[in-house]
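Heads up: the structure comes next, in structure tokens.
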Amino acid sequence: MEKAPPSICKWIQTLELGYSDVDKPPDGGICFHCAGRHAKLLKCARCKVATYCQRDCQVEDWKIGKHKLACQSYARVGPSMQIDDENDKQQACNELFGRIRFYVCPYAVHKATTLGRGFLFIQSDRTLATMSLTLPKDSYGRPTDNRALLIYYLTLGEFDAEVCREDFEMATVRTKLQEAVENYDEEDEIVILMRFRCGHVSLGTSALVPDHRVCKKLGIDYYSESTAAALQLNIDDS
Ligand SMILES: [Zn+2]
Ligand SMILES: [Zn+2]
């Protein structure tokens, strides 16, 4: 068995809210290697998600190692485009947070100094499964989709007034969230709450990367002039 990569986040609570929206596969009509659009496509037998316009494209995609790396992430969601296993969900959240933590940690530290203790509320209008996929790139190396995360820094008061009022089910996580916000070590960690369109919600903490002193400095450099209410990050920018 493959050893799981070290966990970036410590998860405290996860829940599934009663949403049921499921994303469609990335694009039924696209070749994952040459990114050409075709009516008829072959499918990777392992993951049953990646499609190819011809056998040559499939072989090449595997040979250059592109699909070899991505196939597992596709296999995790399969043709149903859902992640079913609880550990897989946490792993997907880890990977996603790992891709953005260098941006969001300084943001959180900066906001905490100006607004007081709170947490990062990370939202996506995609499902967790779709956010966790490695998307194919076109022949110019550009990603074939744009997937954004909206990131807010919230205090508990703002969570009650702005989040729970619109989505009362989010109150389910309130007790643990309060505990986490009151107890996290500001010098070492941040609290994160992630919510996806499929209804998956994860509450956890993550170690500060880079360390507190550097985060503070970067936070001032990048965010002290900003008046935007939220940070928007495109996870497909490379
Ligand atoms: Zn092709
Ligand atoms: Zn595959």
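Just follow the structure's listing: the first ligand is 1, and inside any ligand the first atom is 1. Note that the coordinates shown come from a computational prediction; the quantities given were computed from them, not determined experimentally.
With Phe196 as the aromatic partner, Arg126 does not meet the cation-pi criteria of under 6.0 angstrom to the ring centre and within 45 degrees of the ring axis.
Distances under 2.8 Å from the Zn ion (ligand 2) pick out the protein N/O/S atoms Cys44 SG, Cys47 SG, His67 NE2, Cys71 SG. Closer than 2.8 Å to the Zn ion (ligand 1) sit the protein N, O or S atoms Cys31 SG, Cys34 SG, Cys53 SG, Cys57 SG.
Of all heavy-atom pairs between Cys71 and Trp62, the closest is CB-CZ3, 3.9 Å.
Close placement of the Phe32 and Tyr74 rings is indicated, their centers lying within 6.0 Å of each other.
Atom OH of residue Tyr152 and atom CD1 of residue Ile122 lie 12.5 Å apart, to the nearest 0.5 angstrom.
Using modelled atom types and a 3.5 Å distance limit, the side chains of Glu189 and Ser206 yield no donor-acceptor pair.
Tyr153 meets the ring pair (Phe, Tyr, Trp, His ring centres under 6.0 Å) test with no other residue; sequence neighbours excluded. By the side chain to side chain contact (heavy atoms under 4.5 Å, CB included) test, Leu15 is found to be paired with Gln13, Leu17, Thr172, Val173, Val201, residues two or more places apart in sequence or in another chain being considered.
Ion pairing between a basic and an acidic side chain is recognised when a charged N comes within 4.0 Å of a carboxylate O; Arg195 and Asp125 show no such pairing.
Aromatic ring pairs are classed by plane angle as parallel below 30°, tilted from 30° to 60° and perpendicular above 60°; the pair Tyr223 and His110 is tilted.
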